[in-house]
Structure formats: C-alpha cells, structure tokens
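Take a look at the structure set out below.
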Amino acid sequence: MGLDLLPKVYNPEEIERRWYATWEERKLFHASDRKTGKEYSIVIPPPNVTGSLHMGHALNNTLQDVLIRYHRMAGYNTLWMPGMDHAGIATQNVVERQLKEEGLRREDLGREKFIERVWTWKAHSGGVILNQLKRLGSSCDWDRERFTMDEGLSRAVRTVFVRLYEDGLIYRGDYIVNWCPRCHTALSDLEVEHQEASGHLWHIRYPVEGSDVSLVVATTRPETMLGDTAVAVNPNDERYKHLIGGYAILPLVGRRLKIIGDPVVDPEFGTGALKVTPAHDLTDFELSLRHDLERVTVMDSEGRINENGIHFNGMDRYECRKAIVTELDQKGYLVGTEPYNVGLGRCYRCKEVVEPLISKQWFVKAEPLAREAIAAVEDGRTRIIPEHWTKTYYEWMNNIRDWCISRQIWWGHRIPAWTCQDCNEVVVSLDDPTQCPSCKGSHLVQETDVLDTWFSSALWPFSTMGWPDQTELLKTFYPTSCLVTAFDILFFWVARMMMMGLKFMGDVPFRDVYIHALVRDEYGKKMSKSLGNIIDPLMIMDQYGTDAFRFTLAAMAAQGRDIRLSEQRIEGYRNFMNKIWNAARFALPHVESVQERLDPAAIRDYPLPERWILSRLNTVATEVADAIRTYRFNDAAQSIYQFTWHEFCDWYIEYAKAPLGGDEAEAARRTRIVLRHVLDSLMRLLHPFTPFITEEIASKIPLSGSTLMLGPWPESDPRLADPEAEAQMTLLMGLITSVRNIRAEMNLPPSTPLPAMVFPTSSADRDLIEYNRTMTLSLGRISTLDVAGSAHNPQPPRMSATAVVGDMKVFVPLEGIVDPDAEIARLEKELAKIEQELVGVQKKLSNEDFLAKAKPEAVEKQKTRRHELAGKTDGLKESLGRMQRLKQG
RNA sequence: GGGCGGGUAGCUCAGCGGGAGAGCACCGGCCUUACAAGCCGGGGGUCACAGGUUCAAAUCCUGUUCCGCCUACCA
C-alpha cells in the first residue's frame, strides 16, 4: 500500500484516446452475424455526410451507446450498425458553394464531372462526424459501416423503386409541388418549414362582366393574379351566389374568369371571394381539378415572372408584387390594404421561400403503405416510447399525402426510368435497358431526376444488412431491437421506415422506437447557428471529459421532456467523475493483492456494513438494468450516482478505513474482498454511461479481466439481498448523524470528540450498537459510547443535548459546553416539526373511513409512523423539560 | 383551426394516488491525507389558479391562465 496505482490527477483525454484505440484494435464492437437466439440490434440514424457533431447527435448516440453497451455486457449478441447519409440537397449545396468560390456553377462541369467532384469532396472532407462519434465513445460495429450511396444500398434503392412501380405504388404526373427557387428542386411537404411573417392583405376589385358591379378579392400574393383563371365564392354565400356561373374580368390582364361556387371558400375570411390561381397555389390547384379550370403558369423555376406575365415578364416575384400593387392602385383596382400575418413556407435546407409550382414529378402512393404501418403499431409489433407519440404518429399516417420523391438535383440516386424517344414508352428497370420493350428502338433517355434522400433512408434498417440479398446478418438482426431518435424526424424517417420495412421485409423494422428529447440551451431555446447559442459538444468533451458529458446527457434524459443543458450541470458530473477516480485511488492499493472473488454464500456472518453495501449494490444493479431496459436513463443515472457517492463513498469507504488499516488480518481480508467486489461491480454498472474512466479503473482491479465491455453485467443475486442489514445500518447511520448534528448545532469543530449515551429500547438494538461500536465511535467521532441497559431504568446525563433516532434516545453530555437557551431553541424547533407530522398521522388514523377503505398496508404504515413519531416527541419533550428545569435552577 | 408537452426550493429538473425530493446556488463549521472538483451539518416550497373525484390529490378528472413545440389548403 501507499503506492498510487492511479495518477493523482484524472486526465480524461489521454484515457479516452487510449481506450478507444484498444477497443477498436481488439474488435470488441464487432457483432457476429450468426444467430445465438439472444440478439440485440440498433441501426444508427445515419448522420449527414456533411454533418458535424451537435448536441442532438451527442444525446442520440450516447443513449444508443448506453443501450448497446448494456446489452453487450448482459450477454447479447449486439450489433450497432453505423453509417452515413448522402444528404442530397445539403451535400450538393456544399459542393456548389465550393465551386462558386472558383467562379463555377455545376452546369459548367456537367452532371458526371459534378458528381465526381462530390465524391472527391466526400473522400477528403466528408464524414468528419464519424470520428466525432468515436470521440463520444460510440461502440459501433465500424467494420460494417455503410453509406446510402454505396453500391449495395444503391441496389436496394433501385430494387425498391422498381417493385413499387410495378405494384402501382409509384407514379409520375403533373402536380403542384413545393418548389425551391434557390435549390431548383421540388420538395416534399415535410421539407417545407412553416413560419409566420408580417405581410399585407390586399383587396382587389375584379369587375363582373356585363354589369357595373365588382367582386372584391383578398390576397396576400397579388403577383399571382397574373395566373388567375377563376374567382370562387361559397355556394351558400347570399352576397355572391347569384354571380356563380358568370364571369369576372381580370384587371391588367383582361382575362375572363369563371365565377365558381365551392365550399372551401370561407365566407368569413377577407371579402368572401377567392381569386383562383391553379398553377401557384395548392388550394387553387385542387379547385382547378374539381371545376376543370385552365392552369396558367406565370413563374419560372427561379421565381421570376415568365412570358405569361404580360409586361411584368422577367421581374422577380417580389419586385413584381410591388409593381402590380402600384399599378392596381393607379388604375383604381386596389380597394384596400391591411397588415396581415402570412404563413410562409421555407426550404428546410436553404431557408428560401418556396413557391408552389406545377411540374412533372414522381410520387409514392402512400396510403396503402401507411395502412400497414398503422396496423403494426396498433397491434404492438412496434412500440413507440414514450407512448404519447403514437397519437402523433397515427395522426400523420391517417392524413398522409402522396410523397413527392423526385428531386431536380444531381447528387443522389438517379431514378431508374427511361423514356423511349421513338414511342414515348416509359421503362422502369433494375438494369439499364438498351432497347425499348415496346418499339424495340434504342433511343432510351434516362430520367434526370434523383430520389429524395429520405427514400434511401427509409430502407436503412434492411439495406444496411445486405438486402435484397437474404444475408445471415439480416436473418440474425432484423427486425432491430430499438430505434433511438428525436421526434423531429418521426415523419421524415421513422414513419417511412415502417412503411418500407413492412412492404419489403414483411415485418416491422424495429420492435421499439425510443423518442428522446431535444437538447436546448439553458434558457430553453432551440440551439441554432442563427441564434448563436450552440454549445459545441467537442468543446465540452475537451473541457470536462467525455464520460462526464455522457453522464450528464443520460442523467438529464427524462422521458417526454426537453433537455436544457447548462455547463454547471456538466461541471457537477465532472466532479462525480473525479469522485469516482478518487474512490478508486483509495481502494486500489487495498485490493491489489486480492486473489479471490467474493463468495456470496459466505457472507452471512460478515460484519454489518459489508452485508449492507452488498445488499444495496444488489438492489442498485437491478434498478439500473430495469431503468435502462425501459429507457429511463435518468433514473439509472440517478440511482448509480446516489449509490456511488452517498452510500459507497460516504459510508462504506469511511467505514472500511478501520478494518483495512487495523491489525485484524481476517477482518481486513474480508473487507478487501468486499471492497474489490463492490468497486468492480460499480465500474460495470457505470460502464454503459462512462465507458472510459471505468475501463481505466477496472484495468487496475485484480480479477476484473482485460475489459468491461464484454461483461458480465452484475446480475441480481438473492444471496446478496439483506433487508435486515439495510434496516440495521439505517439505524446506525441515523445514530451517527444525530451526534454529528448535535456537534454542528453546538458550533463545535468536527474534530472535537464527544461522549454519547444511547437508550436502546430493545436488546436487539443494544446488541446492534455493541457489535458495531468501533464503527459508531469512529464515524461519529464519539469518545465514549455508553449503551444503557433497559433493565435498570437509567438516568440521562444532567446537562445534555438530545436526539431521537427511531425509538432510541441519544444523549450527548455537554456540561459546560451547551448553552441551555440554544439547546432549548433547537429542541423546540425539532419538536414543532415532528409534532406537526404527528398531528397529520393521528388525524388520518382517527378517520374511520381511512381505516375502513384504505389498503391495509397503508394503515399499517401510518401506525408504524405514529409509533415512531410519538416516541420521538416524548423523547424531545422529556429533554426539553429537563433543560427548562436546569435553566431555572 | 387541430394536436401534444410543460408550469414543483433562487436556478435546472426528478417524482405522477398514501411521510414534498435531487443537483447546482445559499448559510455555518472543517486542509478529519482517496477526493477543497472535497468532508460534516443546515436553511429554503399554500407542488400555476379554480372547481371536482377519493378515506387520501403535486399526483386522477374538468375548467382557466401562462409558456414551448408539432400540424393545417383562412386566400
């Protein structure tokens, strides 16, 4: 002993680097693809190849790693499948920005060269996030890393596309879609972010043909009037219903507009008359279908007015808006302008305001797929946790609209469809066709669009495992055990994986979906670049260590609530790491010579504190495992924290110093064995949360093996459970605390030893104190402990401070030290508190309804409480009375 | 408009039918050699508001209010 096995200062950085390298070298993350019957698998939500680690990733991957590490330790064949997403628009934008710096556009390179350029970019700058995930300690099976654009996954994508097309679940057509004029592509409904902005509501007069009256319409986007082809009113609107069937004249343009009646028009809104622009508004597009209206497109793909826009041709949409309003005003068509908050849709990638435009796009018919996905959650094949998200899931699935999957960009899976230039036949095929199956011509031109990135993500749980081949991996690990994600991609990703998994694998992609919180800043704001409130996980890891960071995230990951991350909190858990480190520094020299494991069968006659700590450890181990399995990460973390710091360190180690340093060899040996066992188990319980520090410490513990990663997990052992020891220890700790409390209240320095006298009420309690006299003396800093026998009705010391522990009175003689007034005040305060509680309990117990209707154990509990409180009250009153008498005479 | 989550100690949050909890902050005392990133002790809350159900409500129900988020074709 005496030699430090661990350096005095805990240096996370060095330890983390060293252990991660060791794990990778030893291939400890690798899952076997042979089925054992006890499998556990998770597929990572693939981060974008352009991404770098943010708090969301940190939380998401920490939780996954906790689940993975726990199950691996508990003996499961465990797979954590890693990989990345090609992130179509995001990646293309990055590379285009690079080109721009060189004064180039992607068109200057051409499609092939551009894509080459993206691959080059990926090779050099892509995937930095993977190293960041390693920094976080993620124990992914890196040998199996996949990329959504790699060959295998591309084959899966094609296979799926072809099958869906053949099944009539993919179609192509001219529809109105969300168009991003900046990214030059269509977007799905989900890819549009809605936002409110202040704008105006313009009232414009449309003269009715053949009369001197006008219809006044209200619009927030006057520029679209250039494409108006009708005016709609509610068919029940008394003001206008007689006009239905007639025509209005479009100001400035002069086009005749049919006046139609349709229930979508809200008579209450604006003027009750709606200008209809089928080519630039979704509602209007749908009106055009119902009423067979002409669709006049007036904007091009850049958001500029086209040749249909009379003399506004060539203007930007916003420029045109101003010009139109001015001209309408000049010509007397503008009836009014009012401020109005308008809903704006923005591209989720570049934040540009999207424009509804009609174009030829590919769609997935979602409803039949959604039906299956709903059923799978309804019948419990997949559970969503926390449960309340199922409602949101159903809500969306039930109102699902067809999914626009084509994107007019270059980086992505090119749609496997060809058009015959000779006969216009469309060929969708797994292999590139060379001949038109219809006219046998050879002039086939492939579709230029690529697929929505989320199309390939939707296949991730099986495409990464080798599908369409029936691989061993797939047979072993599909369906996966759990998917861990934040709710923001519940629709984008989770819902679509459900649909595709059920369609192509015939089974759900995962048994559980665990939806975790969003990480916000300490004021509850979403972290974002524009707000400048981002906390960089890498800086946190540098500053506090990865383990402290991970533990913080886990400790704060309560279900159904967002995390407000504050550095203070992280600092607190950094201190916890330090505490663990120092506990190990104390323990290791004592246990280094231990050569035998704890024999649970042999502990019955071990000293009380040894039995107590083993029993508590056993309980905590069960609690932690339960909590992890039910995704209560915060409970697991709290449970270990509390046990480690306030039971193991504060009590057990303090107790253990005596036997370890004493001259009783047998006692020391026992304590060393128990200490080794508890320290080893603790490292195991902590390992899923704080993998690095635990490995480092465990590597110095004899008999603990070369790694914690492969377990075993400390399973519950009934031979260690000892409720009696726990109750007894609680009493002794109370006794010790009461003496410490008196010392502190009397303003005596902690180093002052005090004499104490206790009056146990049973011989069992008396024996308990006698057997544990040494510990009681040293932990309570008690000089002499006088245990009064109950037989000879002992007298308490004349001048003393009193405490009542359970039903046992404790006296600390303080002749000449204690200030009677102070002691009286202290006792009165304590008494008031206890009496108040006692009143509550007595009230309950005198309530007949309570006695008759409450559960018997509840009544019993109150009775026990009454007994304890009454005992305490008596003791305190007695002492108070004595003090008062002493004071007076 | 519809839906969801939340308002508990100064701060951040657990608890979600039977004794109001934790961490941080705060106050007092300690360099008791594993740890001052620590040790010992302590103070602090009509659990948003109003009703109801129950023997019993922070916890369940209803309403009000204030925050946050998701969703939607009021132009």
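Chain identifiers are assigned alphabetically (A, B, ...) following the order of the sequence lines, protein sequences preceding nucleic acid strands; residue numbering begins at 1 within each chain.
In this structure, A:Lys657 satisfies the cation-pi test against A:Phe586, with its NZ or CZ atom closer than 6.0 Å to the six-membered ring centre and inside 45 degrees of the ring normal.
Counting distance only, with no hydrogens placed and no angle test, the side-chain atoms of A:Arg740 and the base atoms of B:rG41 include no donor-acceptor pair under 3.5 Å. Between the side chain of A:Glu654 and the base of B:rA34 there is at least one donor-acceptor pair of N/O atoms closer than 3.5 Å. Side-chain to base pairing of A:Lys391 with B:rC4: no donor and acceptor N or O lie closer than 3.5 Å to each other.
Phosphate contact (OP1/OP2 of B:rG38, side-chain N/O of A:Asn575, threshold under 4.0 Å): present. OP1 and OP2 of B:rG3 both lie 4.0 Å or more from every side-chain N or O belonging to A:Trp389. Neither OP1 nor OP2 of B:rC74 sits under 4.0 Å from any side-chain N or O of A:Tyr340. One finds no side-chain N or O of A:Lys843 lying less than 4.0 angstrom from the OP1 or OP2 phosphate oxygen of B:rC55. Under 4.0 angstrom from either OP1 or OP2 of B:rC30 there lies no side-chain N or O belonging to A:Arg743. Between A:Asn399 and B:rA72, a side-chain N or O to OP1/OP2 separation shorter than 4.0 Å is absent.
Positionally, the nearest nucleotide of RNA chain B for A:His388 lies more toward the 5' end than for the other of A:His388 and A:Cys649. When each of A:Trp581 and A:Glu837 is assigned the nucleotide of RNA chain B bearing its nearest heavy atom, the one mapping closer to the 5' terminus is A:Glu837.
Under the ring pair (Phe, Tyr, Trp, His ring centres under 6.0 Å) rule, A:Phe576 has a single partner from A:Trp581, A:Phe551, A:Phe689, which is A:Phe551.
Pairing partner, B:rA20: none, since no Watson-Crick or wobble contact has both distances short of 3.5 Å. Nucleotide B:rC39 is matched to B:rG29 when pairs are restricted to Watson-Crick or G-U wobble geometry with both distances under 3.5 angstrom. Across all strands shown, B:rC47 forms no Watson-Crick or G-U wobble pair with both key distances under 3.5 Å. Look at B:rG68: its Watson-Crick or wobble partner, with both distances under 3.5 angstrom, is B:rC4.
A 4.5 Å side-chain heavy-atom check between A:Tyr652 and A:Val674 finds at least one atom pair inside the cut-off. Here the side chains of A:Tyr544 and A:Glu567 are in contact, with some heavy-atom distance below 4.5 Å.
In summary, the side chains of A:Asp228 and A:Tyr206 do present a donor paired with an acceptor at a separation below 3.5 Å, with no hydrogens or angles considered.
Per the geometry, CG belonging to A:Asn634 stands 15 Å off P belonging to B:rG23, to the nearest Å. Rounded to whole Å, the distance from CZ on A:Arg781 to C1' on B:rG29 is 13 Å. Atom CZ of A:Phe549 and atom P of B:rA37 are 23 Å apart (whole Å). Atom CG in A:Asn398 sits roughly 13 Å away from atom C1' in B:rG3 (whole-Å rounding). Taking atom CE of residue A:Met577 and atom P of nucleotide B:rA37, one finds them 17 Å apart after rounding to whole Å. Rounded to a whole Å, the CG atom of A:Leu282 is 5 Å from the C1' atom of B:rC73. As a whole-Å value, the separation of A:Phe491 CZ from B:rC69 C1' is 12 Å. The interatomic distance linking A:Met746 (CE) with B:rC30 (C1') rounds to 18 Å, in whole Å.
Comparing B:rC70, B:rG23, B:rC73 by their closest approach to the side chain of A:His646 singles out B:rG23.
With respect to the salt-bridge test (charged N to carboxylate O, under 4.0 angstrom), the residues A:Glu696 and A:Lys700 qualify.
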